[in-house]
Amino acid sequence: MPYYSVKAQEEFAETEFEEEGKPKLFDSNLKIATIAEGLSTPTTMAFVGPGDILVLEKDTGMVKRIVNGTVLAKPVLDVNVANSIERCMCGIAISKESSTTYVFIYYTEIDGKDGDDKAGKQPIGNRVYRYELSGDVLTNPLLLMDLPASPGPRHNGGDIIIGPDNNLYVSTGDVDGSFKGSATETKAQNYEDGVDPDGRAGILRITQEGQPTDGILGDSIPLRIYYAYGMRNSFGMDFDPLSGNLWNTENGPGNGDEINLVLPGFNSGWQQVHGLAALEDSFSESELLDFDGKGHYSDPELVWANTAGPTAVKFLESTELGTTYENDMFVGDVHNGRIYHFDLSPDRKDLILPQALSLRVIEKPSSPGVSSIVFGEGFGGITDLEMGPDGNLYVVSIGLGSIFQISQAS
């Protein structure tokens with residue numbers, strides 16, 4: 001399991017593997033099919049085309065290609081990756097321009113062998129590269145972003161997506177910077193006396209050529225590339241196809257896991273607040289940095305009080321699962337192996353929740369109202385959700401080493 005401390009990994013091993021091989025849905029009109037299995041700690045995936053998938057393996061530094069359910073023997077890419085705790089092959093996105101397929105990959109690069117950081121060797125950095133897919137090989141690497149991977153090794157972030165503006169959005173965690181001393185505490189983490197932002201603790205936006213776009217929080221680099229900030233650690237984000245708004249998940253420090261509406265300049269509040277601000281003792285929004293009024297805090301739309309480890313966010317811009325799910329939000333978690341389903345409010349700025357969850361807090365997995373938002377479970381730790389070219393929903397399970405397809409039963 002890539003994304004949590006040793007203690008969390010132990011908890012995962014004790015609880016999640018009890019569900020191994022038993023994924024189930026709560027809509028009898030839908031079915032689950034196994035697309036690929038036997039993968040080594042898969043994290044994220046992207047479609048090249050129908051039946052053609054690229055998937056990252058956290059610890060091996062490999063990008064595997066799956067064609068019509070067959071995992072090709074040779075990876076399309078094999079790089080040296082730091083992989084202790086949350087360092088990894090983390091995020092992938094694909095963009096096509098005329099006859100060229102570009103593949104963007106976020107990973108923790110190391111000058112050495114896979115996992116040498118476990119023996120004390122420091123990684124080079126968290127890096128975003130753009131490759132070109134040529135046959136069954138990724139070629140012509142272009143370094144787009146060089147981000148801190150230290151102190152680490154937790155809170156690494158790594159999700160990347162192409163936005164509706166055709167720009168690249170990159171999610172970064174605080175890389176343990178809130179726990180390792182003042183030198184790694186930045187203003188992007190809401191430390192008033194912190195050092196200048198360095199690319200950690202936010203969502204960054206650049207062009208597909210690696211250039212900055214219009215700055216939201218300021219004009220200097222890297223502040224100019226921050227779309228949002230104040231984030232402890234996020235593993236999932238997606239744009240609402242109807243409103244164009246960005247949503248993400250965020251993992252809290254043992255509590256306060258979140259689903260957020262991320263408008264430009266959004267401040268998620270970390271390190272000063274996590275979860276609902278009203279539940280924080282002696283907290284005032286005046287403690288948060290706003291970069292001369294350009295940043296803004298807002299409460300999460302939903303909070304887990306006991307960690308669920310929410311990861312992937314995906315809007316299903318399709319009627320393939322039935323019109324009831326069209327343009328709805330799906331969220332996966334890694335601790336319970338659950339998929340959650342949400343309708344959005346008419347203005348697309350809020351989640352429609354059952355009355356039992358009107359306070360926006362899930363106290364525990366069995367809390368009243370939770371069952372009504374659970375779409376499926378038993379997936380053994382979900383690290384990615386994607387919509388395929390066929391309009392169906394695909395699930396990456398790091399615990400089961402598999403990719404599943406969810407489709408109509410008939």
Side-chain angles (χ1 to χ4, degrees), residues 93 157 159-174 186-190 197 199-207 212-219 222-252 256-278 280 283 285-303 310 312-315 317 327-331 342-353 360:
D159 191 38
I160 57 177
I161 59 173
I162 307 293
D165 56 5
N166 216 32
N167 289 316
L168 189 67
Y169 289 75
V170 179
S171 179
T172 63
D174 71 7
T186 76
K187 290 181 170 61
Q189 300 162 24
N190 289 290
R200 291 179 295 129
I203 295 175
L204 312 179
R205 179 178 64 176
I206 58 173
T207 71
T213 62
D214 294 338
I216 295 171
L217 302 179
D219 295 326
L223 188 61
R224 181 177 171 181
I225 65 175
Y226 274 85
Y227 184 85
Y229 66 106
M231 293 179 181
R232 180 178 183 270
N233 206 16
S234 175
F235 300 119
M237 56 182 170
D238 197 19
F239 284 91
D240 179 349
L242 298 185
S243 68
N245 291 331
L246 181 63
W247 291 73
N248 87 329
T249 61
E250 190 172 352
N251 283 209
D257 292 346
E258 303 175 353
I259 297 176
N260 291 299
L261 171 63
V262 183
L263 299 177
F266 171 69
N267 179 2
S268 193
W270 182 253
Q271 153 86 6
Q272 302 300 331
V273 59
H274 214 83
L276 299 175
E280 292 280 347
F283 169 74
E285 284 192 32
S286 63
E287 300 173 37
L288 301 177
L289 273 69
D290 64 5
F291 295 97
D292 297 325
K294 298 171 183 175
H296 58 88
Y297 172 80
S298 62
D299 266 343
E301 311 310 314
L302 184 65
V303 173
V313 179
K314 180 52 58 179
F315 284 90
E317 193 178 1
N327 296 317
D328 289 356
M329 179 197 293
F330 292 83
V331 173
F342 301 96
D343 287 306
L344 270 65
S345 60
D347 67 0
R348 307 295 289 185
K349 291 186 176 180
D350 204 355
L351 304 177
I352 297 177
L353 298 171
R360 301 178 183 271

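Predicted model, so just to flag it, every value in this text is computed and none were measured.
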Backbone of [Y] reached by a side-chain donor or acceptor of [X] within 3.5 Å:
X	Y	result
T172	G157	no
S171	D159	no
H296	P264	yes
E280	H274	yes
T186	P197	no
D290	G295	no
Y226	R200	yes
D238	F315	yes
Y229	L289	yes

Got [X] and [Y] here, is their nearest side-chain heavy-atom distance under 4.5 Å?
X	Y	value
D174	N233	no
T213	R205	yes
M237	I161	yes
I162	N167	no

| request: Take M329 and L351, measure what side-chain contact (heavy atoms from CB on, under 4.5 Å) needs, and give me the verdict at the end. | output: CA-CA 9 Å; M329 179 197 293; L351 304 177; 4.0 Å; yes
| said: If you take the centroid of each ring, where Trp contributes its six-membered ring, are Y169 and Y227 closer together than 6.0 Å? | reply: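 Yes.
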| Is the centre of the F330 ring less than 6.0 Å from the centre of the F342 ring? |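 Here the rings of F342 and F330 have centres that are no less than 6.0 Å from each other.
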| said: Any carboxylate oxygen within less than 4.0 angstrom of a Lys/Arg side-chain nitrogen, looking at R224 and D219? | reply: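 Salt bridge flag = no for D219 with R224.
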| message | Check this for me, if you would: do D257 and R232 make a salt bridge, where the nitrogen-to-carboxylate-oxygen distance has to be below 4.0 angstrom? | response | no
| Checking side-chain contact (heavy atoms from CB on, under 4.5 Å) for the pair D328/L344: CA distance, chi angles, key distance, verdict? | CA-CA 7 Å; D328 289 356; L344 270 65; over 6 Å; no
| Would you find more than 12 non-hydrogen atoms of other residues, nucleotides or ligands less than 6.0 Å from D347 atom CG? | yes
| query | Just wondering, are more than 12 heavy atoms of other shown residues or ligands nearer than 6.0 Å to NZ in K349? | reply |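 No, the 6.0 Å shell around NZ holds no more than 12 heavy atoms from other groups.
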| message | Testing the 3.5 Å rule here: is there a donor-acceptor pair between the side chains of W247 and N260? | response | no
| message | Would T207 and L168 count as a side-chain contact (heavy atoms from CB on, under 4.5 Å) here? Give the steps. | response | CA-CA 6 Å; T207 71; L168 189 67; over 6 Å; no
| Worked verdict on E250 versus S268 for side chain to side chain donor-acceptor pair (under 3.5 Å) | CA-CA 9 Å; E250 190 172 352; S268 193; 2.5 Å; yes
| request: Start with the C-alpha gap between Y297 and F266, add the side-chain angles, then the distance that decides, and say whether ring-ring contact (aromatic ring centres under 6.0 Å, His included) holds. | output: CA-CA 6 Å; Y297 172 80; F266 171 69; 7.1 Å; no
| field | Distance (rounded to the nearest 0.5 Å) between L288 CG and Q271 CD | value |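 Output value for this atom pair is 11.5 Å.
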| request: Please lay out, stage by stage, how V262 and I203 fare under the test side-chain contact (heavy atoms from CB on, under 4.5 Å). | output: CA-CA 9 Å; V262 183; I203 295 175; 4.1 Å; yes
